[in-house]
Each structure stands twice: as C-alpha cells, then as structure tokens.
Amino acid sequence: MKKTTDTNEFENTINAIRNLSEDDAKSLLKVIYGYVNTAMTGNGGDKFKLEVIDEVSDIYKRIPDLNTLRNK
C-alpha cells in the first residue's frame with residue numbers, strides 16, 4: 001500500500017508543479033537554492049544536509065497548498 005500512496009503523492013506533486021505560476025516557481029527555486037547552498041558551503045555537516053533534504057521535501061509537499069491559496 002505504501003508504494004501506491006507514494007505514487008499518488010508523486011503524481012499529485014508533479015501536477016501541482018505544472019500549475020505553478022512562473023513567479024511562484026522562481027520563488028521556490030530561490031528558496032531551495034538557499035537551502036542547498038547553505039548545506040554545501042556551511043558548517044552543518046552531514047546532519048544538516050539530511051535536514052535540508054527534509055526541508056526541500058516539505059517544500060514540494062506544500063506546492064498543492066500554494067496553488068490552492070493562489071486560486072482563492
């Protein structure tokens with residue numbers, strides 16, 4: 001059952017990404033780059049790199065909510 005849930009979440013996220021406005025997409029890319037750049041150049045070590053992966057994953061999971069808010 002987990003694989004089906006993961007597939008549904010993946011497909012929902014991909015569809016939500018398709019519906020992002022150009023400005024929203026650029027803003028998200030800037031935020032993601034900030035996290036990645038800090039992880040690669042900062043002093044947080046591997047633990048921080050894992051935290052960044054979680055943060056970036058959370059950003060992607062929130063994209064459908066962003067589209068919903070924008071459309072209200």
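Counting from 1, the numbers follow the sequence of the chain as shown.
To the nearest 0.5 angstrom, Glu55 atom CD is 5.5 Å from Asp58 atom CG. If you take CG on Leu66 and CD1 on Ile59, they are separated by 11.0 Å, rounding to the nearest 0.5 Å. The OG1 atom of Thr13 sits 11.0 Å away from the CZ atom of Arg18 when rounded to the nearest 0.5 Å. If you take CD1 on Ile63 and CG on Asn15, they are separated by 11.5 Å, rounding to the nearest 0.5 Å.
One hydrophobic cluster holds both Ile32 and Met40 under the rule that ILVMFWY side chains link at heavy-atom gaps under 4.5 Å.
Smallest separation of non-hydrogen atoms from Val56 and Tyr35: CG2-CB, 4.4 Å. Closest of all the heavy-atom pairs between Ala39 and Val52 is CB-CG2, 3.6 Å.
Looking only at distances, no side-chain donor or acceptor of Asp24 sits under 3.5 Å from a matching main-chain atom of Leu20. A donor-acceptor pair under 3.5 Å links the side-chain atoms of Asn12 to the main chain of Asn8, judged by distance alone. Proximity of a side-chain donor or acceptor of Ser27 to a complementary backbone N or O of Asp23 within less than 3.5 Å is detected.
When the side-chain hydrogen bond (donor to acceptor under 3.5 Å, both in side chains) test is applied to Thr38, no partner is found at least two apart in sequence or on another chain.
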Derivation of the side-chain contact (heavy atoms from CB on, under 4.5 Å) call for Ile14 and Phe10: CA-CA 6 Å; Ile14 294 299; Phe10 178 81; 3.8 Å; yes
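Counted within 6.0 Å of CZ on Phe48, heavy atoms from surrounding residues, nucleotides or ligands total more than 12; the atom is thus considered enclosed.
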